[in-house]
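Encoded as C-alpha cells, the structure appears first; notes follow it.
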Amino acid sequence: MRSIRSAGLALAAAALALPLTSGTATAEPSGDRHAGPERGAPHSNAAFDRLRSAAPEGFYVGTAVAGGGHHLSQPYPDPFTSDKEYRRILARQFSSVSPENQMKWDFIHPERDRYDFGAADAIVDFAERNRQVVRGHTLLWHSQNPEWLEQGDFSKEELRAILREHITTVVGRYAGRIQQWDVANEIFDDQGRLRTQDNIWIRELGPGVVADAFRWAHAADPGAKLFLNDYNVESVNAKSDAYHALVQDLLKQGVPVHGFSVQAHLSTRYGFPGDLESNLRRFDALGLETAVTELDVRMDVPEGGRPTAAQERTQADYYRRALSACLAVDGCDSFTIWGFTDKYSWVPVFFEGEGFANVMTDDFVRKPAFWALRDTLWAARRG
C-alpha cells in the first residue's frame with residue numbers, strides 16, 4: 001500500500017498547483033466513486049466527494065466529535081446531539097472519530113465514585129452504526145481534570161489506585177471498540193522537560209506512572225493501539241527529541257507503547273513544519289505507528305472579517321502537506337482533523353484574532369482546504 005500511496009503524491013501536488021477555488025465549485029459529477037477528482041455542489045455528499053471514499057484502503061480519515069469543553073459556554077446546544085446536518089456530514093465524510101472532550105476526565109469521571117458514560121457511549125455507538133473506528137482521548141493528562149481530583153487530599157497510594165481504576169474502567173468499558181487510545185497526553189513542555197509541576201500524576205507519582213498507564217490500558221484492552229500524543233512535536237525539536245528518547249526507554253522495559261502522534265494545531269502565522277515527514281519517519285524506525293491526530297490551521301482575520309483567497313490557499317497548502325507527510329510514512333494510517341466546520345471550532349475561543357481553522361465554513365460549505373485533502377487522498381488511492 002505504501003508504494004501506491006507515495007506514487008500518487010506527485011499527482012496530488014500537480015493537481016493542487018492549479019488555482020484553488022472556493023468550496024462552491026460545481027463541476028459535473030461523474031457518479032463513479034473511483035473516478036475522482038470531480039467536485040460536486042457545495043453541500044454534496046456524493047461518494048466521490050467524501051474523504052473516506054477517497055482514502056487509500058486501510059487509511060483512516062477522522063475528525064473530532066464536537067462536544068463538552070468550550071462548547072458548554074457557547075450560545076448553542078450540544079452539537080453532536082442537536083445538529084442533524086452536522087451528524088449527517090460526520091457520518092458520510094469520515095471513517096474515524098475522536099471524542100473532542102467527552103472522554104476527558106472532567107467529563108467522563110465528574111465525581112470520584114461516579115462515571116458519566118452517556119456522551120461517550122453515544123459516539124461509540126454512532127461510529128459502529130456508520131462503520132467508523134474510534135480514537136479514545138485521553139487517559140493521563142495535566143488539563144481538564146475534575147476538581148475533586150486536583151483539589152483532593154490523596155495519598156500517593158490512593159492516587160495510584162484512582163488512576164489505575166479509571167484507566168481499567170474506561171478502557172475496559174470500550175474494549176474491542178476503540179482502535180487507538182491517547183494514553184499519555186502532553187507530558188512534556190516545549191523545552192522537552194517532563195511536566196513535573198502541573199501534571200498531577202507525574203508530580204505525585206513520578207515519571208514511572210507513564211509506563212504504568214500503558215500497562216494498565218493494555219491489560220484492559222489488549223487489542224487497542226496505545227499512543228503518546230502532543231502538540232508542537234511536528235518538527236524535530238527538543239520536545240519531540242524527548243519523546244524519541246522516552247519511547248526507546250519504554251520499549252526497552254517492554255512497555256506496550258504502540259504509537260506516537262502529532263496533534264498539528266498549526267497557524268499560518270508560522271511556517272509549515274517542513275520536517276514533519278522526517279520526524280514521523282524516525283518514530284516509524286523505532287517500530288511505532290504514527291498518526292496526525294488534531295490538525296487544524298488557524299488564520300489571522302480581523303474581527304468581523306473573512307479570510308482572503310490568498311489566506312485560504314495557504315491554509316489549503318498546510319492541510320495538503322500535513323496529509324502528504326502522513327501518507328508517505330509507513331504505519332501512519334490515521335489522520336484526524338480537529339473538527340470539520342468553523343461553526344464549532346475551539347480556535348476563536350482560545351486564540352484571539354485567529355480563526356477559520358477548519359475545512360468547512362459555519363454553514364458547511366467546503367473550503368479549498370477540503371478539496372486539498374480530498375484530491376490528495378484520491379491521488380494516493382489511484383497512485
Side-chain angles (χ1 to χ4, degrees), residues 2 135-142 156-157 159-168 170-172 175 178-264 275-293 325-326 328-334:
R2 185 62 46 188
R135 294 196 80 258
H137 180 76
T138 179
L139 299 173
L140 184 153
W141 193 24
H142 68 277
K156 293 183 184 299
E157 292 74 19
L159 269 180
R160 182 176 174 83
I162 288 169
L163 179 61
R164 182 171 188 168
E165 183 264 338
H166 176 94
I167 291 175
T168 301
V170 175
V171 176
I178 300 284
Q179 183 194 52
Q180 301 175 351
W181 272 104
D182 292 329
V183 175
N185 194 53
E186 301 174 6
I187 60 173
F188 289 103
D189 65 20
D190 284 343
Q191 287 71 48
R193 300 173 301 210
L194 279 170
R195 293 182 182 270
T196 55
Q197 296 303 311
D198 53 355
N199 187 306
I200 186 174
W201 311 112
I202 297 173
R203 182 182 70 236
E204 302 298 329
L205 302 177
V209 73
V210 174
D212 290 333
F214 277 91
R215 294 187 182 102
W216 297 332
H218 184 66
D221 185 2
K225 298 294 186 179
L226 308 180
F227 277 69
L228 294 156
N229 185 60
D230 214 324
Y231 65 93
N232 287 353
V233 291
E234 293 75 32
S235 290
V236 176
N237 55 31
K239 197 175 191 180
S240 62
D241 283 347
Y243 277 105
H244 196 258
L246 174 63
V247 166
Q248 294 177 77
D249 182 55
L250 293 175
L251 292 175
K252 286 179 183 178
Q253 297 178 52
V255 176
V257 54
H258 307 124
F260 172 76
S261 53
V262 302
Q263 294 180 10
D275 55 349
L276 172 58
E277 180 183 330
S278 60
N279 191 36
L280 294 175
R281 285 188 184 279
R282 66 175 179 152
F283 285 92
D284 177 77
L286 297 178
L288 295 191
E289 296 185 15
T290 54
V292 174
T293 55
C326 180
V329 176
D330 282 330
C332 191
D333 293 320
S334 181

Shortest non-hydrogen contact from [X] toward [Y]:
{"X": "V255", "Y": "F214", "result": "CG1-CB, 3.6 Å"}
{"X": "C326", "Y": "L280", "result": "CA-CD1, 4.2 Å"}
{"X": "I178", "Y": "G136", "result": "CG2-N, 3.6 Å"}

All side-chain contact (heavy atoms from CB on, under 4.5 Å) counterparts of S278, not counting sequence neighbours: D275
Derivation and outcome, ring-ring contact (aromatic ring centres under 6.0 Å, His included), residues Y243 and F188: CA-CA 8 Å; Y243 277 105; F188 289 103; 4.7 Å; yes
Tell me whether [X] is salt-bridged to [Y], with the criterion being a basic N under 4.0 Å from an acidic carboxylate O.
{"X": "E289", "Y": "K225", "value": "yes"}
{"X": "K239", "Y": "D230", "value": "yes"}
{"X": "R215", "Y": "D212", "value": "yes"}

Is any side-chain heavy atom of N229 less than 4.5 Å from a side-chain heavy atom of E186?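 No, their side chains stay 4.5 Å or more apart.
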Is the closest side-chain heavy-atom distance between L226 and H218 below 4.5 Å?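 Yes, close enough: below the 4.5 Å cut-off.
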Please assess V233 against F260 for the test side-chain contact (heavy atoms from CB on, under 4.5 Å), listing each intermediate value before the final yes or no. CA-CA 10 Å; V233 291; F260 172 76; 3.8 Å; yes
Using modelled atom types only, decide if a donor and an acceptor are shared between the side chain of N237 and the backbone of N232 within a distance under 3.5 Å.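 It does hold such a pair.
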Backbone of A328 reached by a side-chain donor or acceptor of R281 within 3.5 Å: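 Yes, because the side chain of R281 sits within donor-acceptor range (under 3.5 Å) of the backbone of A328.
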Walk me through whether W216 and L163 qualify under side-chain contact (heavy atoms from CB on, under 4.5 Å). CA-CA 9 Å; W216 297 332; L163 179 61; 3.9 Å; yes
Please enumerate all residues that pass side chain to side chain donor-acceptor pair (under 3.5 Å) together with D284, with sequence neighbours excluded. none
Between [Y] and [X], do the side chains contain a donor N or O and an acceptor N or O under 3.5 Å apart?
{"X": "E234", "Y": "Q263", "value": "no"}
{"X": "R135", "Y": "Q180", "value": "yes"}
{"X": "S240", "Y": "R282", "value": "yes"}

Distance, nearest 0.5 Å, that separates CZ of R203 from CG of L159: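 Going from CZ on R203 over to CG on L159, the span is 8.5 Å.
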I'd like to know whether CZ of R164 has more than 12 heavy-atom contacts from other residues, nucleotides or ligands below 6.0 angstrom.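 Result for CZ/R164: open.
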Proximity of H244 and F283 rings by center, below 6.0 Å: yes
One pair to check against side-chain contact (heavy atoms from CB on, under 4.5 Å): S261 and D182. What are the steps and the verdict? CA-CA 9 Å; S261 53; D182 292 329; 3.9 Å; yes
Before you tell me yes or no, could you show the steps for V183 and L228 under side-chain contact (heavy atoms from CB on, under 4.5 Å), namely the whole-Å CA-CA distance, both residues' side-chain angles and the distance that decides it to 0.1 Å? CA-CA 6 Å; V183 175; L228 294 156; over 6 Å; no
